[in-house]
Structures are given as structure tokens and as C-alpha cells.
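What follows is one structure encoded as C-alpha cells, with my remarks underneath.
FYI, the numbering just counts along the sequence from 1.
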Amino acid sequence: MKRRHRLLGALLLSIVVASPALPTLGQRSGPSARDRERANAREAAAASPPQASQPPPATSSLPAQDQGILNEMHRAHVGEVVFTRQDFTVHAIQPSSLADTFDLGAGMFFRVYMDRSAVNAMMGRPGVSNDRLQVAAGIQYRARFEVDGRAIETTFLPFGEWSERNMYTTWRGQFINPTPAAGVVPGSEVLRELVARGWSAGLFRPGSTHRITMSVIPMVNPPDGAAGDPVVGPVVARGTFTLRTPAGVIQRDNPALCVPAGSSEPAIERAVLEQAGRAWLARDAQPFGARMAQAPWSVERHPVTGVPIERTTDVLVLARAPDYCYAAPYSWTEPFAGSGFSTSSGELSFRPFIRTYFPCGCVE
């Protein structure tokens, strides 16, 4: 039976916020001393966003001209974030589409209207490369929420092709989509982080109503492997909405705000938590629970005999920090032991991940 060296429970990435959909399996590899040093350095700055990938050497520059003002809605709301109850394409959204008040847990969408693309907003700023392709590769957004006078900083996951970041002056997002569309639509990750951090600060309790201002801020991450912090730009769009928290919305089985579990496997969950705790590197939070993810088992078989070799599935390690909770995805593998798969010999392996933030009230 072939054996694989697996990294036990290491939180190597400090990528903030997650969407409800967890990422796909990554490649399993063994840790080195350098890996652990890098992990500790990254976790010491847990609030920093992930670095962008190193772009290839540019053979030609991206065009300096972006798409400009697209239509009358764009012209009327440039520099604003507008909110809707349904998802609209850029030319379908109308003044009558806009909404101001929402219930947490219900469908909520938004559109960002900028006067220029994120790349053009960042080009020429101190500390930003003059290589347009490199700037486009490093573009990412932050969302600053002001709730009852309290500022809560969150970060979007990177999205869009480099050419889109260079060209687009407007883009759509979703906080909660009852019928999620295919593809990556930004937004749910920043709502999760907002509610997770806000809950720990006493906000978003059942029956509460909050007036919230959202500011969208571009930044440029250094190339992969390069030292330094991201260069943060100016606010490019801002909008305000009212959010009501209905009773019962913060509950374990709400997939939009919490982290529903798969089947209950107490023996596996205990083993996962024990192994994660032994090799935990994150400094901002500590593991307190484990769950089976909503994923099937994948069985590897001998190519000739068809006899099972091992089976693998996804699991979640739950971690708690003073200001939030989050779930981190891992892989759990059990070898075949002749008459069945052996949980006692199972191994937890690191999976590159995004943090799926959730309010700690989901598990209280």
C-alpha cells in the first residue's frame, strides 16, 4: 500500500473570508522547516490579504484606456455602490431596481460604479509598479463597513481576469444569492466576515436594525514571493443600506451565514480535531471542533485488482478567535485495512484554503 506524507492541520494561508462554497482539493505535500517558518510569519499578520500570483514577463502592455462610463445608470451613480434584491446585468439594472432595506438572510445584491478601472485608479500611486500587467495581477478589493459608528474591515477574494481588472469600471456582487449562479461572484465572503466580526462586537442580534455604509477600496498586492504589504488605494465607491436581523437567522444550518455539516461521524471528527490541534500554526485562533463537509468519499483502488487502497473526503476544522469564528477545509484519508477502512489510522492533510467566516453564534 503506498503511503503519502501529509501535513497535519497546518494553517499556512492567511486568506480572509470565504464564500459558502469551499474550495477544491489541493495537492498534498509534506512540511519542511521553511514551510513552518513561512506559515508562522504569515499567521503573525493574519489580517493581511493573500498575495497575487507572479505574472509572466510582459511582452506587450495592457491598454491604458478602460471602458469608461457605460450607460445612464453608471453616469447617475458613478462613485457609488447600489443595492438590489435581484441580480441584474449591467444594462438591465434600472432606477426602479434599487432597494434600501434588507433582511439578513434574504437575497441581496449590489453593483459597484467607478469612474475608472481599478488598475487605472492605482497606476501612478507611490509604491505601485509602472508595469500595468503586474498591477492588474495584484489587484484586489477591500470592503470597509461602518455599522453604528463602528468600522469593520473585510477583504474580497481576488476575482476577474487581469484584462478585466484593467478594463472594467463597474462590476456586480452578491451578499446572499438564494439561487447561486455558476462562476465566481464576489461579495458573500465580505458579508460573512462582516457578520462574524459584528456578532462578536454585539451587533446583528435578533430583532436589531443597523444602518450600514459600505466603502469599496482597491489595493495592489506584491508579486508572489516578494516582501512587503499591499498598496491600498482610495475609496472608489460608497453606498448605504439598512439591514434587519430576523429571529432565527443565525443558526447552525443556515448555509449563507453558518457552516452546515455533512453526515455525523463522531470518531472521525474526534480524530480530525486531535490531529489538527497537534500541528496548528495559526496564531489568531484555536481549533475547537470538526465536522464532516458535505462531500462524498473518493475511493482509490488498485488499477489491476480493483481492491480499495484508501478513501478520502473533505472535513472542516472550526476555529475561534476573539473577534470571529471560521472554518478551514482539510482532507481526511483512511487506508483500507482488509475488511474495511481504518479511522484509527486515518491522516489529516493540509489543503490550501480560504477561511469561511461565520458568527460564533452559529455554534453557541
Side-chain angles (χ1 to χ4, degrees), residues 16-19 49 52 65-102 107-123 125 135-136 138-147 151-177 180-181 183-194 211-221 230-243:
V16 292
V17 267
S19 71
Q65 183 175 357
D66 56 35
Q67 64 185 174
I69 304 300
L70 289 182
N71 53 32
E72 288 306 311
M73 274 293 291
H74 194 165
R75 190 180 311 279
H77 296 281
V78 66
E80 296 180 9
V81 184
V82 299
F83 304 93
T84 63
R85 301 186 194 285
Q86 300 177 37
D87 193 12
F88 291 96
T89 62
V90 65
H91 293 297
I93 189 171
Q94 299 296 322
S96 59
S97 309
L98 307 188
D100 176 79
T101 302
F102 300 86
M108 186 175 182
F109 304 82
F110 61 90
R111 178 163 287 277
V112 177
Y113 288 115
M114 306 181 293
D115 63 347
R116 50 185 174 166
S117 70
V119 172
N120 280 338
M122 296 303 295
M123 291 293 294
R125 298 187 69 82
V135 174
I139 285 290
Q140 194 175 355
Y141 290 93
R142 290 182 177 178
R144 176 183 301 131
F145 293 95
E146 297 171 51
V147 187
I152 298 177
E153 302 284 346
T154 68
T155 305
F156 285 94
L157 293 173
F159 63 90
E161 301 293 334
W162 296 347
S163 60
E164 295 171 341
R165 301 174 189 178
N166 183 64
M167 177 66 67
Y168 287 0
T169 56
T170 180
W171 47 274
R172 83 187 206 279
Q174 61 184 34
F175 286 144
I176 293 180
N177 187 346
V184 178
V185 180
S188 61
E189 69 272 33
V190 296
L191 178 71
R192 278 181 166 273
E193 188 173 5
L194 166 65
R211 191 69 176 163
I212 301 175
T213 297
M214 174 185 179
S215 299
V216 175
I217 304 165
M219 62 184 178
V220 179
N221 291 306
V231 178
V232 181
V235 173
V236 294
R238 180 181 284 117
T240 302
F241 61 95
T242 296
L243 188 63

| remark: Between the CZ atom in Arg144 and the OG1 atom in Thr213, the distance rounded to the nearest 0.5 Å is 11.5 Å
| Does the side chain of Ser117 come within less than 4.5 Å of Met167's, by heavy atoms? | no
| said: Between Val235 and Val216, is the side chain to side chain contact (heavy atoms under 4.5 Å, CB included) condition met? List the steps. | reply: CA-CA 6 Å; Val235 173; Val216 175; over 6 Å; no
| request: Kindly indicate whether the side chain of Leu98, heavy atoms from C-beta on, has any atom under 4.5 Å from the side chain of Ile93. | output: yes
| task | Nearest 0.5 Å please: distance from the CD1 atom of Ile69 over to the OH atom of Tyr113. | result | 10.5 Å
| field | N-O pairing of Arg75 and Glu72 below 4.0 Å | value | yes
| Going by distance alone, is a donor N or O of one side chain under 3.5 Å from an acceptor N or O of the other, for Thr170 and Arg111? | yes
| query | Do you know which two heavy atoms are closest between Asp66 and Asn166, and how far apart they sit? | reply | CB-O, 3.7 Å
| remark: For Ala121 and Val236 the tightest heavy-atom approach is CB-CG1, 4.3 Å
| Distance in Å, Asp100 CG paired with Arg85 CZ, rounded so as to fall on 0.5 Å steps | 8.5 Å
| task | In sequence, state the C-alpha distance, the side-chain angles, and the governing distance for Arg116 and Thr169, and then conclude on side chain to side chain donor-acceptor pair (under 3.5 Å). | result | CA-CA 5 Å; Arg116 50 185 174 166; Thr169 56; over 6 Å; no
| said: Can you confirm whether Phe175 sits close enough to Met214 that some side-chain heavy atom of one is under 4.5 Å from a side-chain heavy atom of the other? | reply: yes
| field | Any donor-acceptor N/O pair, Glu193 side chain to Leu191 backbone, under 3.5 Å | value | no
| request: Look up atom CE in Met108 and atom CG in Asp87, then write down how far apart they are to the nearest 0.5 Å. | output: 13.5 Å
| request: Could you check whether the rings of Trp171 and Phe110 sit parallel, tilted or perpendicular, using 30° and 60° as the cut-offs? | output: perpendicular
| note | Heavy atoms of Pro218 and Ala118 approach each other most closely as CB-CB, 4.2 Å
| request: Flag the pair Arg125 / Pro234 as yes when at least one side-chain heavy-atom distance between them is below 4.5 Å, and no otherwise. | output: yes
| message | Are Thr84 and Gln94 packed together at the side-chain level, in the sense that at least one heavy-atom pair is separated by less than 4.5 angstrom? | response | no
| Phe88 to Arg172 - nearest heavy-atom pair and separation | O-CD, 3.8 Å
| Counting only heavy atoms not in Phe83, do more than 12 sit closer than 6.0 Å to its CZ atom? | yes
| said: I'd like to know if the side chain of Arg142 reaches the main chain of Ile217, judged simply by a donor and an acceptor atom lying under 3.5 Å from each other, with no hydrogens or angles considered. | reply: no
| field | Side-chain heavy atoms of Phe145 within contact of Leu243, under 4.5 Å | value | no
| task | Identify the two heavy atoms, one from Glu146 and one from Ser215, that lie closest to each other, and give their separation to 0.1 Å. | result | OE2-OG, 4.4 Å
| Heavy-atom side-chain contact between Thr155 and Met219 under 4.5 Å | yes
| request: Check the angle between the aromatic planes of Phe241 and Phe102 and answer parallel, tilted or perpendicular using the 30° and 60° thresholds. | output: perpendicular
| request: For residues Val231 and Met122, report the shortest heavy-atom separation together with the two atoms involved. | output: O-CE, 3.3 Å
| task | For Gln140 and Phe156, indicate whether the former's side chain and the latter's backbone hold a donor-acceptor pair under 3.5 Å. | result | yes
| query | With a 4.5 Å heavy-atom cut-off, do Val90 and His74 have their side chains touching? | reply | no
